Amino acid sequence: MDHNEYRARVRSIRYFNTDTILFELSCPEIASFAKPGQFVNVSCGKFLKRPFGIAGADKDDGMIKIGVKIVGHGTENLSLLKEGDMVDILGPLGNGFDLDSFDSYILAGGGTGVFPLNFTYDVLSDAGKDVTVVFGFRNREQVVMAQEGFVVTTDSGDYGIHGNVITGLDSLVLKGNPCVLCVGPTPMMKGVGEWAKSKGLRCFVSTEQHMACGVGICLVCVCKTKSDVPGEDFKHVRCCKDGPVFDFEEVIL
Amino acid sequence: MNPLEVKVGNVTLKSPVILASGTCNFGRELSEYYDLSVLGGLSSKGLTIKPRQGNEGCRVAECASGMLNSVGLQNPGVDYFIEHELDYMRSLDTGVIVNVAGHSYEDYCDMVKKLDPYKDKIDALEINLSCPNVKEGCMSIGSEPDQVKRIVSALRDLTDLPLWIKLTPNVTDITAPAKAAQEGGADAVVLINTLLGMRINIKTRRPVVQNNTGGYSGPAVMPVAIRMVSECSRVLDIPIVGCGGIMSAEDVIEFMIAGASAVEVGTASLIHPDAGFTITNGLVKYCEDNNIDNISSLTGTLRLWE
């Protein structure tokens, strides 16, 4: 069978600030299949696993990275993990980004969305594609995963460009027809999607919902897309299995 | 001989383990994790006469040892199922149980009329008189014994397919709707669907799920299900399919001792997609370790304290 659940060892833990953590997990199987935009479901001592976008994968090293922001009991439990601890992990799950159909990309994100976009950046750079990254944060303390050359904005203005992701996107000198990939809070994805539309660019967003199974069987994590059935305003699709990546033109945010 | 083979009335299953409705869709997704032919059967996602988009907003709330869901019977409708999913389910080389949900007496009758011509591809119809997440039908019918009997009798006249009646635990006396199902001509009862529950976000003072209430499932509900199987087993002549919080082979054994001829595994698959596979393996090992020739010999062997 193609898919399985694995036991992964926590290889390293890096705190960016008080509530944002980057874990490196040993999981050769997932590392060998993982594609940017996909996620993993991780056990956290609660009844349900928690989904996290894959923040990086090294096939040769058998390692994947996930970024965790502490927001509730499950992520709080994960923050208590020590190096060498084991977690149950299911993945890679969902559909990743299409990184083949375009020559150049703009990656726009914020919040925990910067983690999957970091993986996306790595893969696109390795493939020799033209990639521009714009990350938006609330303030300097929240700035994570910003590599050299990334455009960084902060709402507070104490780091990078004063403003939000759109301010950052507006600062770019556009060449050709890059594809825009956005992962972040819903208002940000809406804004970035509209920005891309105004420039005539394709845009794909990665949605997030409260999830249970992660594999498409329970139907609790639905989001809305445009329906082709006459008289129907929308249809519910599964964020985990049909997404999490959707064409901005199709999804209703 | 296969030690796991069981019979539910006239239906022979190669294992007592059936995947519960709403936790396996139509089998496609879990087929990526294991060969579903090891199972006794698969109960389809609850079907309605017309496609349903289900409930809006948040549909899940985590609880101690379980979860609330309020999916609200999102499904592609019975016609789509017959055209696109039934043959696939049949191809999985396991029992095909079709879960039939409705909003009214007429809905259930119309659904069964539509499915009856495909009886060669279906092992049993599971009549869902118990979904707590829709406004009409289902649980509101299943909690009234008179209505249970009326619907089951009507469906009995429409088909020779085995009728398994899935009942709601949200009643004072589970034996009343169970006996009503038997009197109506049911071939088996399935006990239990989810328990109606609510979680509240204490910051917003709003229910976590946008439908306000949801169905509680997972290991927390198993003692309730075991008690209800045991109670019904003492008053029914028809077999019982036990369901509710099964996470392990030992849980299956407990249900069978309580009186179940087969079981449905639901929420466990949401936690471990291969749950049906590992539970089945556990049952094989249990039979070996305990010199049990056939697992159905456990059914109803509970000895209550006097």
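Note that the coordinates shown come from a computational prediction; the quantities given were computed from them, not determined experimentally. Chain letters run A, B, ... following the sequence lines, proteins first and then strands; every chain starts at 1.
- In this structure, B/V71 and A/C218 approach most closely via the heavy-atom pair CG2-O, 3.3 Å.
- Using a 4.5 Å cut-off between heavy atoms, A/K49 contacts chain B through its side chain alone, with no backbone atom that close.
- Counting non-hydrogen atoms of other residues, nucleotides and ligands closer than 6.0 Å to CD of A/E208 gives a total of 12 or fewer.
- Other residues, nucleotides and ligands contribute only 12 or fewer heavy atoms inside 6.0 Å of the CZ atom of B/F277.
- No more than 12 heavy atoms of other residues, nucleotides or ligands sit less than 6.0 Å from atom CD1 of B/I202.
- A/I217 has its side chain out of reach of B/L19: every pair of non-hydrogen atoms, C-beta onward, lies at least 4.5 Å apart.
- Atom CZ of A/R14 is surrounded by 12 or fewer heavy atoms from other residues, nucleotides or ligands within 6.0 Å.
- In this structure, chain B has a heavy atom under 4.5 Å from the side chain of A/E232, while its backbone stays farther away.
- The nearest pair of heavy atoms linking A/V215 to B/P273 is CG1-CG, 4.2 Å.
- Annotation: the span from A/L90 atom CG to B/Y33 atom OH amounts to 4.5 Å, rounded to 0.5 Å.
- In this structure, chain A has a heavy atom under 4.5 Å from the side chain of B/T267, while its backbone stays farther away.
- Within the 4.5 Å cutoff, no side-chain heavy atoms of B/V208 are placed close to those of A/H210.
- Annotation for A/K190: atom NZ does not count as buried by contact number, only 12 or fewer foreign heavy atoms lying within 6.0 Å.
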### Message
Please evaluate residues A/K241 and B/R28 with respect to the criterion side chain to side chain contact (heavy atoms under 4.5 Å, CB included), reporting the C-alpha separation (whole Å), side-chain torsions for both, the decisive distance (0.1 Å), and the verdict.
### Response
CA-CA 12 Å; A/K241 185 77 177 177; B/R28 293 181 191 274; over 6 Å; no

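- Ranked by heavy-atom pairs shorter than 4.5 Å toward chain A, the options B/S65, B/A61, B/C58 are led by B/S65.
- With a 6.0 Å radius and a threshold of 12 heavy atoms from other residues, nucleotides or ligands, B/K285 has its NZ atom at or below the threshold.
- Within a 6.0 Å radius of NZ in A/K69, other residues, nucleotides and ligands contribute more than 12 heavy atoms.
- B/R59 places a side-chain heavy atom less than 4.5 Å from the side chain of A/H236.
- Only the backbone of B/C24 comes within less than 4.5 Å of a heavy atom of chain A; no side-chain atom from C-beta onward does.
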### Task
May I have the step-by-step check of side chain to side chain contact (heavy atoms under 4.5 Å, CB included) for B/L270 and A/V220, ending in yes or no?
CA-CA 11 Å; B/L270 313 189; A/V220 303; over 6 Å; no

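- A/F47 and B/I271 get closest at one heavy-atom pair: O-CD1, 3.3 Å.
- Here OG of A/S227 is found 6.5 Å from CD of B/Q53. Values are rounded to the nearest 0.5 Å.
- Closest non-hydrogen pair, A/G216 versus B/N25, comes out as O-ND2, 3.5 Å.
- In this structure, A/D88 CG and B/H272 NE2 are separated by 6.0 Å, a value rounded to the nearest 0.5 Å.
- Results of the side-chain hydrogen bond (donor to acceptor under 3.5 Å, both in side chains) test with B/E62 over A/R50, A/H73, A/K46 single out A/R50 as the only residue that passes.
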